[in-house]
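Report on the structure given below.
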Amino acid sequence: MSGELDYLSAYASWRAPMMGHNAVATSQPLAAQAGIRMLQQGGNAVDAAVATAMALTVVEPTGNGIGSDAFAIVWDGKKLHALNASGRAPAAWQHQTFAHLDAMPELGWDAVTVPGAVSAWVALAEKFGTLPLNTLVQPAVEYARNGFPVSPLIGQLWQRGYQKLKDQPGFSACFAPQGRPPAIGELFRNPDQAATLEKIAATNGEAFYRGELAEKIAAFAREHNAALTLEDLKNHRADWVDMLSRPFAGGSVHELPPNGQGIATLIALGILEQWDIGRYTPDSVPWLHLSIEAMKLALVDLERYVADEDHLEFPAAHLLSDEYLKSRAALINPDRAGDFTFGAPTQSGTVYLATADASGMMVSFIQSNYMGFGSGVVIPGTGISMQNRGAGFALDQGHPNVVAGGKRAFHTIIPAFALDAAGQPLMSFGVMGGPMQAQGHLQLALRIMLHKQNPQAAIDAPRWRVVAGREVIVEPSLDRNTIAALRAMGHNIVLEDPLQSYNFGGAQAIVRDPQGFYIAATESRKDGQALVY
């Protein structure tokens, strides 16, 4: 594809796309180095992905941890495989458990569901890996035991997380052992996390779900009168699932099915194809207007219908039928911003990383504690920070995503993958940042697949995101005349504070060239890095 990509188009950035026969792209340079190290030791792209993921729990605790959830997409050289390793609610949770609240808790034990990231590492390594977990875990263990310098953005987020979570059980003892968060550039060590990672690798994850670590998690939960039990941990499983996809720009985009939000990307792409979006220039007023309107339509359906796949009102694919997408596209006024409600399809239908190796294997992987450090709960003596995915449940008893024991909550984290017209791998890609993720997938697919922007330019381009109340937040680098024109069309445009640009999330992409090498790019707004060799 490199002959088709425009390498002269660029936005404000000091980076160029990287090229090589093996690639790792993620949000923290030390973690990217962990993945490259596995490739250099003879491992494949899955080995690199697992090593990178484990290292990220150490060097970027502001976004993920051992107590995260995870999702993955793997191209094994012949076909795609999708893994849902998100955890389920404690069996004891019921609607009445939270009926006295206006919304699900975001902090503390009442936000914690069973963590699934460890099961993702194990499942990926068992099915596709070539190196043992004891080898894959070594970079993460070394960073945790010997220390790593806290990078600038992570240091800022660490300070914010500390102010919010310092009183949560176990948080300060782990992440502020000197009574304060580490300073930018300070060496931080987490020996408890190093020991935990070694136990996970030595037992192939059994210690975490059924052994010593599981018992520590369950005991700390009991100490705080929390619902999570040893039985909940024992019952966890990661699931290999069938993907959802949508033809686009001569190829196809692939996302995991609910309980994730990837279907919103596919809905929006399907709507935009009805409008022949490719006839407009990227960043032009009509291009942005139609893209925003399509995303608004996708988000109202997402908010109404998406839940644990076992609890959907109808198969998720019904939202992707041509007939339904045409009816949704017809609601868009090309000259005016709209205010949409969900449709009625006919019932017949955090941290991210990408790796690729010279054999053709590619991985799209994401794991997250959800809101920064997550719940704030850290299991004493283990370095295990627990996610707060319970906050993703609804309290409306008529909603398919209503909280219930043993149920998966709605998830924001989603990896993505694209194939070319011949069904061969084109790109593994992802965007971080909560509800920005499906919107970021849409914007990257438009820029790279349709308009042939090189992946670094596509990542650096000014982004927008639709938020609650249908405000449209835009990055301040977007042209002022364009902003004025969108406002004149009725869009409620709000400029993002440049110091808050992390709200647009990091992004990584690895594009496969037909000649057999890769073009890798990562977020210039972040500490991330793409490495190749």
- I154 vs L157, side chain to side chain contact (heavy atoms under 4.5 Å, CB included): CA-CA, chis, key distance, verdict: CA-CA 5 Å; I154 290 171; L157 296 176; 5.6 Å; no
- Test S68 against N369 for side-chain hydrogen bond (donor to acceptor under 3.5 Å, both in side chains), laying out the working first. CA-CA 5 Å; S68 283; N369 268 4; 2.7 Å; yes
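Annotation: side chain of I366 is not in contact with side chain of I414 (no heavy-atom distance under 4.5 Å). With a 4.5 Å cut-off on side-chain heavy atoms, T97 and V403 do not count as touching. Within the 4.5 Å cutoff, the side chain of S368 has no heavy atoms near those of the H411 side chain. Between E126 and N204, some side-chain heavy-atom pair lies under the 4.5 Å cut-off. Side-chain contact between N259 and N84 is present, with at least one heavy-atom pair separated by less than 4.5 Å. The shortest side-chain heavy-atom distance between Y352 and S364 falls under the 4.5 Å cut-off. The closest side-chain heavy-atom distance from R237 to R88 is below 4.5 Å. Side-chain contact between F208 and I217 is present, with at least one heavy-atom pair separated by less than 4.5 Å.
Ring orientation note: the planes of F175 and F373 are tilted relative to one another, at an angle of 30° to 60°. Under the 30°/60° scheme for interplanar angles, the aromatic rings of H224 and F220 are found to stand perpendicular.
Although no hydrogens or angles enter the test, the distance criterion places no donor-acceptor pair under 3.5 Å between the side chain of Q159 and the main chain of G155.
Residues K166 and F171 share a closest heavy-atom pair of CA-CD2, 3.9 Å. Between V511 and P455, the closest heavy-atom pair is CG2-CG, 4.0 Å. The two residues V253 and L266 make their nearest non-hydrogen contact at O-CD2, 3.5 Å. Closest heavy-atom contact between A120 and F365: CB-CE1, 4.2 Å. Nearest heavy-atom pair across G147 and R189 is CA-CG, 3.5 Å.
Side-chain contact, S375 with Y370: no donor N or O sits under 3.5 Å from an acceptor N or O. Residues E60 and S27 have side chains that bring a donor and an acceptor to within less than 3.5 angstrom of each other. Looking at T52 and R37, their side chains never bring a donor and an acceptor atom within 3.5 Å of each other. In the model, N22 has no side-chain atom that pairs as donor or acceptor with a side-chain atom of Q40 under 3.5 Å.
Between the CD atom in E255 and the CG atom in L244 there is a gap of 8.5 Å [rounded to 0.5 Å].
A salt bridge is defined here as a Lys NZ or Arg NE, NH1 or NH2 lying under 4.0 Å from an Asp or Glu carboxylate O, and D239 with R408 meets this definition.
Annotation: ring-ring contact (aromatic ring centres under 6.0 Å, His included) contacts of F148 (sequence neighbours excluded): none.
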